[in-house]
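First the structure, then my questions, so here it is.
For the single chain, residues carry numbers from 1 onward in sequence order.
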Amino acid sequence: MDTEGSNSPAETKKAKSKTPRKPKSAHVLKQKSPAEFFADNKNIAGFDNPGKSLYTTVRELVENSLDSAESISELPVVEITIEDIGKSKFNSMIGLADHERVDEELYDDFESAKAREKRLAKEARHQEIQAKNASVGKKVKGPMATKPTKSREASYYRVTCKDNGRGMPHDDIPNMFGRVLSGTKYGLKQTRGKFGLGAKMALIWSKMSTGLPIEISSSMKSQNYTSFCRLDIDIHRNIPHIHVHEKRENMDIWHGAEIQIVIEGNWTTYRSKILHYMRQMAVITPYAQFLFKFLSDTPEKNVTVRFARRTDIMPPIPVETKYHPSAVDLLLIKRLIAETSKQNLFQFLQHEFVNVGKSYAERLIGEMGPDFSPKMPVKSLTAQQIVRIHQLFRQAKFDDPSGNCLSPAGEYNLRLGIIKELHPDMVATYSGSAQVFEGHPFIVEAGVSVGGKDVKQGLNIFRFANRIPLLFEQGADVVTRTAIKRINWNNYKINQTQDKIGVFVSIVSTKIPFKGTGKEYIGDDISEIASAVKTAIQQCCAQLKSKIVKRIQAREQQERKRSLNKYIPNATGAIYDMLKDMSQSRASKKKRYEDKDVDLLNQVSAHLVTKQTLKEKLTQHVEQVDYEMALEYATQTGVKEEPREDVYIPPLEAGVNWVGLSRPSTAWCSPTSLRVVLGCIDNGFVWPTGLEAGMCDAKIWQA
């Protein structure tokens, strides 16, 4: 049998196994939904870790509540609650039974016998060294810090935010929370949001960390029902997954929204940041009332902070504006052409852009070239013609946009917020006029305070962008760099290192030029904003300087008056003793005095003029001289005397500060000096002229 060219089954199988497999193509086209993109890059939206995720969730919910209330001109009332959920409670919420550990060595916090023996030996050596140092009198250090056991066990929190805002339409709730990059804040106007995500990113984080849905209750004004919705999000398809969506009876006629979400977080590490955020939000929105609560199974850890409303004056609602020609790009021009309702190019330029009037639109069309005419259909523009329009927009000169579309906090509200939360010794505020960068209007407001409650020594910088606090990446921010490097605080009588200085800067614009992926600071590379920030801070400092100078003058005046009053008892005693000696020696020495001098000496002998009389007259003289000197200084510096008002301040406690006296000393004084001192004595009490003949010896007690 011919076997050549044939293979056995084993060889055939072996040959097949050596045949290379076709590799899977690495270039398969894939697509991500917006929700999936932000889930993969959650740090962009501020969800870097559990602690910051808790902070960002609180921030997004609070800012949504403020926007909702302000949109209907309602004074905001916002209640935010963070409830600590233990592991057992969380397991019961998701229907998971508690499970005891079986294999301890599987866990991160397990300590083997060898590791425990090594740790105990190290602690014993440390104690031995401590005892030896104590025996020879050396400084004993504290107990050795034990290395914390490694654990990745998660902590869960239920975050609830309730407001009195507009509420949400019943049918729109699922898409408003379950579809990323859909919302009501898109457009060219001043908004608090950074990405337009709002609570959607919190829902994505909840889906990733707990798997639990979000619960929304909402009711609009004059609605007799409350919308309730429980949903989560399909991250891959970017659509809401609705569990419950129903209408319930609104017995309290309440309007607003209440959002409840369970997420993984870390309250311990971000406690200060969250409270600091709430405090700064109370500064920039003093017309709002905030109630913040942290609830735990341990009552000692509970926190309740109420930020009361200080005013009922709200800033105007930001309005949407048109685009400035110098701030558009090709894509935006194409989108405006596709969305416009205008028929021809002339109407399009005049109505879709700001600061383009009728005559200017005609001039622009004439400059575009022969291929353009005012009546040409705007929808028929070719790609080359759109590029020509864009080039002309970048080269032509346009008037700057006005700041009427912006809504700054206002000097009044900023000052009230600073006073309410910090209680400073003095504060100055300034609101600049609208300026422009890259075709976008912006307004800078600033406040500078000195002293206050819970304020550290040195510069304490508070930054706000579109009326929201910025707490991270402070060092690179334009406000921080300006306050530290470009302001000479000594010129304004302010000590940069010793005084408690609060620097508050709020920037509002239709486009905040954030830097970094997290949009947590404003860069220092935009000269228009940097210059406006510097000017605003300097204006506040100039106001404070005048107050500080007046305070220094008043303090110097008090010191001068105190110094004069300190010597009144000594001078009174010395002069009275001298007058008494003169009256007693008058008969023996047979000196002649004028009649008015004789009358004074007789009154001294008859005890009609006493030490107390002289003391009162000297005190009146010091008061008069002090007032005249202050008035003379005010006249020289051009400061008019302000009208006085009666101010009644009850004394804290009755007490007398006694000044101790020390060694006596003999001092010589001329009659002229004594005459000046006693020039205050009126009502017939005149210095005896006989003393002008020589020097007098008087005992003066020095303090």
Problem - Residues Glu520 and Arg59 bridged, charged N to O under 4.0 Å - result: yes
Practice task
Please work out which of the three classes, parallel, tilted or perpendicular, describes the rings of Phe462 and Phe504, given edges at 30° and 60°.
Solution key: parallel
Exercise for the section: Kindly indicate whether a cation-pi arrangement holds for Lys273 with Tyr55, taking the cut-offs as under 6.0 Å to the six-membered ring centre and within 45° of the axis. Expected result: no
Practice task
Using modelled atom types only, decide if a donor and an acceptor are shared between the side chain of Thr480 and the backbone of Gln474 within a distance under 3.5 Å.
Solution key: yes
Practice task
Indicate yes or no: does Glu246 engage Arg230 in a salt bridge with an N to O separation below 4.0 Å.
Solution key: no
Fill in the blank from the handout: Those residues at least two apart in sequence (or on a different chain) that pass side chain to side chain donor-acceptor pair (under 3.5 Å) with Asn413 are none
Exercise for the section: Go through the structure and list residues passing side chain to side chain contact (heavy atoms under 4.5 Å, CB included) with Pro316, not counting sequence neighbours. Expected result: Ser407
Exercise for the section: Tell me, please, which residues at least two apart from Arg166 pass salt bridge (charged side-chain N to carboxylate O under 4.0 Å, His left out). Expected result: none
Practice task
Would you please name every residue forming a side chain to side chain donor-acceptor pair (under 3.5 Å) with Asn491, sequence neighbours left out?
Solution key: none
Practice task
Report the relative orientation of the aromatic rings in Phe472 and Tyr270; use parallel for angles under 30°, tilted for 30 to 60°, perpendicular for over 60°.
Solution key: tilted
Practice task
Taking atom NZ of Lys493 as the centre, report whether more than 12 heavy atoms of other residues, nucleotides or ligands fall under 6.0 Å from it.
Solution key: no
Handout entry: Listed partners of Gln538 passing side chain to side chain contact (heavy atoms under 4.5 Å, CB included), at least two apart
Key = Ile487, Tyr492, Lys534
Exercise for the section: Check whether more than 12 heavy atoms from other residues, nucleotides or ligands sit under 6.0 Å from atom NZ of Lys511, and answer yes or no. Expected result: no
Exercise for the section: Sorted by first residue and then second, give each side-chain hydrogen bond (donor to acceptor under 3.5 Å, both in side chains) pair with at least one member in residues 77-87; sequence neighbours left out. Expected result: Glu83-Lys89, Glu83-Arg158
Completion exercise
Those residues at least two apart in sequence (or on a different chain) that pass salt bridge (charged side-chain N to carboxylate O under 4.0 Å, His left out) with Asp524 are Arg486
Practice task
Taking side chain to side chain donor-acceptor pair (under 3.5 Å) as the test, write out the residues that go with Asp172, two or more places apart.
Solution key: none
Practice task
Return the set of residues passing salt bridge (charged side-chain N to carboxylate O under 4.0 Å, His left out) with Asp499 (not counting sequence neighbours), or none when no residue passes.
Solution key: none
List, one per line, each side-chain donor-acceptor pair under 3.5 Å for residues 288-301, sequence neighbours excluded.
unit_1	atom_1	unit_2	atom_2	d
Ser296	OG	Thr298	N	3.3

Problem - Close side-chain approach of Val77 to Arg309, heavy-atom, < 4.5 Å - result: yes
Exercise for the section: Could I get the full list of salt bridge (charged side-chain N to carboxylate O under 4.0 Å, His left out) partners for Asp163, not counting sequence neighbours? Expected result: none
Exercise for the section: Using a strict cut-off of less than 4.0 Å between a Lys/Arg side-chain nitrogen and an Asp/Glu carboxylate oxygen, indicate whether Glu445 and Arg467 qualify as a salt bridge. Expected result: no
Exercise for the section: Applying side chain to side chain donor-acceptor pair (under 3.5 Å), name anything that partners Thr510, two or more places apart in sequence or on another chain. Expected result: His440
Problem - Donor on one side chain, acceptor on other, Thr497 and Asn495, under 3.5 Å - result: yes
